[in-house]
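Heads up: the structure comes next, in structure tokens.
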Protein chains: 2
Amino acid sequence: MKRYSIDISYDGTVYAGWQVQPTDLSVQEVIEKVLLKLTSETIKIHGSGRTDQGVHAKRQVAHFDLEKEWVPRRLYAAINALLPPDIRVLKVRNVRSNFHARSTAKSKEYRYFIWNAQSISPFDRLYKTEISRKLDIKRMRAAAKLLEGKHDFAAFTASSKTTIKSTVRTIFSLEVKAKGNNIIIIAKGSGFLYKMVRSLVGWLIEVGDGSADPEDTTEVLASCKRTSRVPTAKAKGLFLWKVNY
Amino acid sequence: MKRYSIDISYDGTVYAGWQVQPTDLSVQEVIEKVLLKLTSETIKIHGSGRTDQGVHAKRQVAHFDLEKEWVPRRLYAAINALLPPDIRVLKVRNVRSNFHARSTAKSKEYRYFIWNAQSISPFDRLYKTEISRKLDIKRMRAAAKLLEGKHDFAAFTASSKTTIKSTVRTIFSLEVKAKGNNIIIIAKGSGFLYKMVRSLVGWLIEVGDGSADPEDTTEVLASCKRTSRVPTAKAKGLFLWKVNY
């Protein structure tokens, strides 16, 4: 048995997310089917984490084991030749047998793209979320500062306490960048809960358009309870950007 | 009667091109249907020129006449509210009654995007053409220089002499820019023949990959005859970029 890691980029528009699920097509399933076709081995691939329906990946990482030994460069070309054009393998590596795409990961970076004006370009329509009401960047930055660090993020996730051990996570940094009508929110952390980035972004948008105040962030965090005060931002603006090992 | 001009951006991926045609859906038809819905007037819009099936527009221009007088800003919002997200109106203007999107146009700019490597990104797959064999930029530039100026471009069009008056056109400039794996070909001219930009690009690719020599350009031009020596580059890499009045 040889273990391989792959870096993958995908346009999540038409997929039911990363993870295999019973009805709709997932990115994981597409890649597993390609590996089955290539190797005649039934292979389960392990991603660094899920991405939800409609979320994109600039660079997702996954690992899997193969009976047969492959030259990474050849495996790369063979997989890409069979994948649809909205999923691309960027890199194949031989990794040690204890490498695990999820548990070995040290940190992750997500980026969320907002077009803060009317009439989003046809070429951005699938990759940025249009927010036509003007957002106040300073207010968003003040709220983002309060979210950085180690907190119980129960108020910012769709996970329930009953299904996961802990909702405590550490956000290394939560930046809000602005350029013209574009706003980019960059979240770096050790790991993120289910729908956590989209919830953080949803809250920053509430603060940015004046529906909530930056200082409210502390109270919402402390409540440790998800309520309708925190909306979930749309999937299409979100990219899993990088996984660090 | 009041005349209006509209600047339009569209992702041409799913359309049969700009111009209305009997079977498949065109961009023009989509906009005309929106105008009919808005104004209850059956309106014919006149584009600055056609774009073929799968070709995109960063900024196309069209004009049309309406019985009713509209504030341009309102017409802009009303049209965009009814258009699909892959077509956007960028600007609506009141224009004088002798303005004509095609015949008043002074010059046009097209841009062609090439990803000159393997494994094009999923996010570029619909907007750049992948050419995996390495292209020599210097050779392409030498050929491009020979195409600039006033020539009979019969060898670089799919138009036939029997259907149009003249195949003589003037190319103001034909630039080849390179950055990393990206090549951008920028064509500016008074007007272009049917499939002319894609034919010029097809030829530059032939020269760039060594299938033809830059000096051959003069001979091909002089032949005034379209042959299989000049391939037509794929539609998806081409953008109508700007129309100048």
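Note that the structure is predicted; figures quoted are calculated from it, not measured. Chain letters run A, B, ... following the sequence lines, proteins first and then strands; every chain starts at 1.
Counting non-hydrogen atoms of other residues, nucleotides and ligands closer than 6.0 Å to NZ of B:Lys2 gives a total of 12 or fewer. A 6.0 Å sphere centred on CZ of A:Arg50 holds no more than 12 heavy atoms belonging to other residues, nucleotides or ligands.
Residue B:Ala77: no heavy atom, backbone or side chain, is found under 4.5 Å from chain A. In this structure, the portion of B:Ile120 lying under 4.5 Å from any heavy atom of chain A is its backbone and not its side chain. Proximity to chain B (any heavy atom under 4.5 Å) is restricted, for A:Arg125, to the side chain, taken from C-beta onward. For A:Asn80, the part sitting under 4.5 Å from any heavy atom of chain B is the side chain, from C-beta outward, and nothing else. When heavy atoms are compared at a cutoff of 4.5 Å, A:Ala81 does not approach chain B at all.
Rounding to the nearest 0.5 Å places CG of A:Leu90 at 8.0 Å from OG of B:Ser121.
No close placement of the B:Phe123 and A:Tyr10 rings is indicated, their centers lying 6.0 Å or farther apart.
Of all heavy-atom pairs spanning A:Pro122 and B:Ser9, the tightest one is CG-O, 3.3 Å.
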